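Ligands are counted one by one from 1 in listed order, and the atoms in each one are counted from 1 as well. These figures come from a predicted structure and were not determined experimentally.
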Amino acid sequence: MLLRFTKMHGLGNDFIVIDAIRQSVHLTPEQVRHLADRHFGIGCDQLLVVEEASRPDVDFRYRIFNADGGEVEQCGNGARCFVRFVHEQGLTAKRRIRVETRSGIIAPQLEDDGLVTVDMGVPVLEPARVPFVSDSDAIVQPLDVGGETIAITAVSMGNPHAVQVVADVDAAPVAAHGALIERHPRFPARVNAGFVQVVDAHRIRLRVFERGAGETLACGTGACAAVVAVILCELAQSPVRVETRGGELDIAWGGPGQPVLMTGPAVTVFAGEIAVD
Ligand SMILES: N[C@@H](CCC[C@H](N)C(=O)O)C(=O)O
């Protein structure tokens, strides 16, 4: 099968975006891994599939696959690219759209300046719903990692995140500890591991070791989860600018029970066709 695709990125978190409305697409996990491979395929952190909505109150359905082939619930940078994609492809003229994801409905909006704001929904902190194995509801909890006890906040933005505050993100053991946290037995669905440095009340620096993709240049849901964690810990106040290795995102959160709003860029890099066996 010859598959048409578009390569996009949000702050260097890169995506293969596939229109499954105007072409028939059924990819196996092995095919996703091949397409995501940076040497033998196109290369990406996540592959996004744009589908027709399955219900009348939304505009599209959007599915997300990590580079390891696993389908996941949510992707923030991907949501911004998704909006730019459906506009550029003429699939809608609406600037504010409602999109079904595996974890519920999100509402992205294309702004006049070309940036995209996404209502990422209300963060979930109850351990069982993250999911995180714990008999405590404390915001900060101990986690044993590689012979050390670190302090994390477990947050779901539709997908699970373990956020830890560090003194210096550049010196943080992101690769070594990230891989251990991702597969820690207390996170039964695995987890995205965030390392956050607080610069001041409205600015943080963030690196994320993503579940199923390794460290990426930016993680949108990771930025939302990190801002929720530092606000709950009274280390920052909304709005917060998040510096990642790929650029900056603006995150606003009104506190428990309120949705998180994320604003940032989405860029199309190129389009092409690839044979998929
Ligand atoms: N890069 C994404 C998150 C993609 C999914 C994540 N790796 C997971 O497994 O939950 C973002 O921008 O949010």
Quiz item: Hey, any chance Phe132 and Leu232 share a hydrophobic cluster, counting ILVMFWY side chains that come within less than 4.5 Å of each other, even indirectly?
Solution: no

Quiz item: Looking only at side chains, do His161 and Thr221 share a donor and an acceptor under 3.5 Å apart?
Solution: yes

Quiz item: Side chains of Thr268 and Glu88: do they bring a donor and an acceptor to under 3.5 Å?
Solution: yes

Self-check item: No-hydrogen, no-angle side-chain donor-acceptor test under 3.5 Å, Glu210 and Asn192
Solution: no

Quiz prompt | Closest non-hydrogen atom pair, Ile16 against Gly43 | solution = CG1-O, 4.1 Å

Quiz prompt | Protein residues that have a heavy atom under 4.0 Å from any atom of ligand 1, sorted by chain and number | solution = Asn13, Gln46, Asn66, Val72, Gln74, Cys75, Gly76, Asn77, Asn159, Asn192, Glu210, Arg211, Cys219, Gly220, Thr221

Quiz item: Taking a hydrophobic cluster as the set of Ile, Leu, Val, Met, Phe, Trp and Tyr residues connected by side-chain heavy atoms closer than 4.5 Å, whether directly or through intermediates, do Val191 and Val155 fall within one such cluster?
Solution: no

